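Everything quoted here is computed from the prediction, not taken from an experiment.
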Amino acid sequence: MAENSSPTARDEPPRNDRDKSPRNETRFERADRNFSEILQELRVTQAGVQILFAFLLTLAFTERFPSLDTMQRATYVSTLLLAVLAAALFTAPAAVHRSLFGRQAKPRIVRVSSRLAGLGLVVLVFAVAGAVLLVVDVAVGRTGGIIASAGTLVVCSGLWGLLPLLVRRAADRDKESDAPDDAGDPDAPGGVRRAGPR
């Protein structure tokens, strides 16, 4: 009898392809969920990039723009290009997903999209700091602009880089501390009932 080699039978993941996480999902189900979460994150960051990009575009057509000195113009051009690069990085996951759609490559798409989003955040930090430098430099002076830009860089780096790292380490510690409790809990999967005092 001929072996069933239809595309549906080949591409469908095994029924027992489940991990041991509480979600009880296959690697493709987990990839679908992770990609949806990445898209939600990108929607938030893209809104900020769009606002920054629109501000920089309109700034070139204001009456005061011709009076900017050489450094201010260089700051403007650099910040504008950084905003363009950040927008490109944040929209790249959609292009990657479209090019690999239907090829059972969602786990790889998730990994690539996560790296693109992380790189986009790094670029966005410098774009925001550059915009602050330009605005405060024009409004107050160069010294104030440098101080404000450095402060913006420190704050954004702390909130977008250091804080997630600390939260991840705290989550890892919580996971390690919960492991012995689960092992000794008779009601937990694989738990061992401890002998009581005699």
Side-chain angles (χ1 to χ4, degrees), residues 30-101 105-172:
R30 182 170 63 250
D32 288 336
R33 174 177 56 82
N34 289 340
F35 189 68
S36 297
E37 293 177 358
I38 290 176
L39 291 181
Q40 292 294 335
E41 296 171 1
L42 292 177
R43 289 189 182 99
V44 175
T45 53
Q46 282 177 347
V49 174
Q50 290 172 355
I51 295 172
L52 176 61
F53 190 59
F55 163 74
L56 292 172
L57 285 180
T58 57
L59 188 62
F61 300 98
T62 59
E63 296 180 356
R64 194 169 180 181
F65 186 80
S67 64
L68 298 181
D69 59 27
T70 303
M71 176 156 183
Q72 291 169 342
R73 288 174 180 270
T75 302
Y76 170 79
V77 173
S78 300
T79 303
L80 180 65
L81 294 178
L82 287 172
V84 171
L85 179 58
L89 289 169
F90 287 139
T91 54
V96 173
H97 179 267
R98 174 49 45 197
S99 64
L100 296 178
F101 182 77
K106 186 61 71 65
R108 184 175 297 276
I109 294 173
V110 169
R111 290 193 296 270
V112 173
S113 299
S114 179
R115 291 170 184 169
L116 289 171
L119 186 58
L121 284 175
V122 174
V123 175
L124 183 59
V125 168
F126 290 100
V128 173
V132 171
L133 171 61
L134 178 62
V135 172
V136 179
D137 184 9
V138 173
V140 177
R142 185 139 304 160
T143 302
I146 294 174
I147 294 174
S149 178
T152 301
L153 192 62
V154 170
V155 171
C156 290
S157 299
L159 291 177
W160 299 352
L162 181 60
L163 180 60
L165 181 61
L166 294 176
V167 172
R168 184 171 63 184
R169 289 182 176 178
D172 291 340

Asker: Sequence neighbours excluded and cut-off under 3.5 Å, please list the side-chain donor-acceptor pairs for residues 140-151, or say none.
Answerer:
unit_1, atom_1, unit_2, atom_2, d
Arg142, NE, Asp137, OD2, 3.2
Arg142, NH2, Asp69, OD1, 3.2
Arg142, NH2, Asp69, OD2, 2.7
Arg142, NH2, Asp137, OD2, 3.1
Ser149, OG, Ala129, O, 3.0

Asker: Applying side chain to side chain contact (heavy atoms under 4.5 Å, CB included), name anything that partners Thr45, two or more places apart in sequence or on another chain.
Answerer: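 Residues passing side chain to side chain contact (heavy atoms under 4.5 Å, CB included) with Thr45: Leu42, Phe90, Leu121.
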
Asker: To the nearest 0.5 Å, tell me how far Glu37 CD sits from Ser114 OG.
Answerer: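 That separation rounds to 11.0 Å.
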
Asker: If I take atom CZ from residue Arg73 and atom OG from residue Ser67, how far apart are they, to the nearest 0.5 angstrom?
Answerer: 8.0 Å

Asker: Check whether any side-chain heavy atom of Ile109 lies under 4.5 Å from a side-chain heavy atom of Pro93, and answer yes or no.
Answerer: no

Asker: Show every donor-acceptor pair shorter than 3.5 Å between a side-chain atom in residues 158-168 and any protein atom, with sequence neighbours excluded, or say none if there are none.
Answerer:
none

Asker: Any side-chain heavy-atom pair from Leu81 and Leu85 closer than 4.5 angstrom?
Answerer: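 No, every pair of side-chain atoms sits at 4.5 Å or beyond.
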
Asker: Would you give the length of the straight line joining atom CG of Asp172 to atom CZ of Arg169, rounded to the nearest 0.5 angstrom?
Answerer: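 Asp172 CG to Arg169 CZ: 9.5 Å, rounded to 0.5 Å.
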
Asker: The criterion is side chain to side chain contact (heavy atoms under 4.5 Å, CB included); which residues satisfy it with Leu82, sequence neighbours excluded?
Answerer: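 Side chain to side chain contact (heavy atoms under 4.5 Å, CB included) check on Leu82 returns Val123, Phe126, Ala127.
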
Asker: Out of Val122, Val132, Val125, which one pairs with Cys156 under the side chain to side chain contact (heavy atoms under 4.5 Å, CB included) rule?
Answerer: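 Filter result, single survivor: Val125.
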
Asker: Side chain to side chain contact (heavy atoms under 4.5 Å, CB included) with Ser78: which residues, sequence neighbours excluded?
Answerer: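 None.
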
Asker: To the nearest 0.5 Å, tell me how far Leu89 CG sits from Leu119 CG.
Answerer: 5.0 Å

Asker: Rounded to the nearest 0.5 Å, what separation is found between the OG1 atom of Thr79 and the CG atom of Leu133?
Answerer: 7.0 Å

Asker: Which value, rounded to the nearest 0.5 Å, describes the distance between Met71 atom CE and Leu134 atom CG?
Answerer: 10.0 Å

Asker: Just distance, no hydrogens or angles: give the donor-acceptor pairs under 3.5 Å from side chains in residues 48-65, sequence neighbours left out.
Answerer:
unit_1, atom_1, unit_2, atom_2, d
Thr58, OG1, Ala54, O, 3.1
Thr58, OG1, Phe55, O, 3.0
Thr62, OG1, Leu59, O, 2.8
Arg64, NH2, Val138, O, 3.3

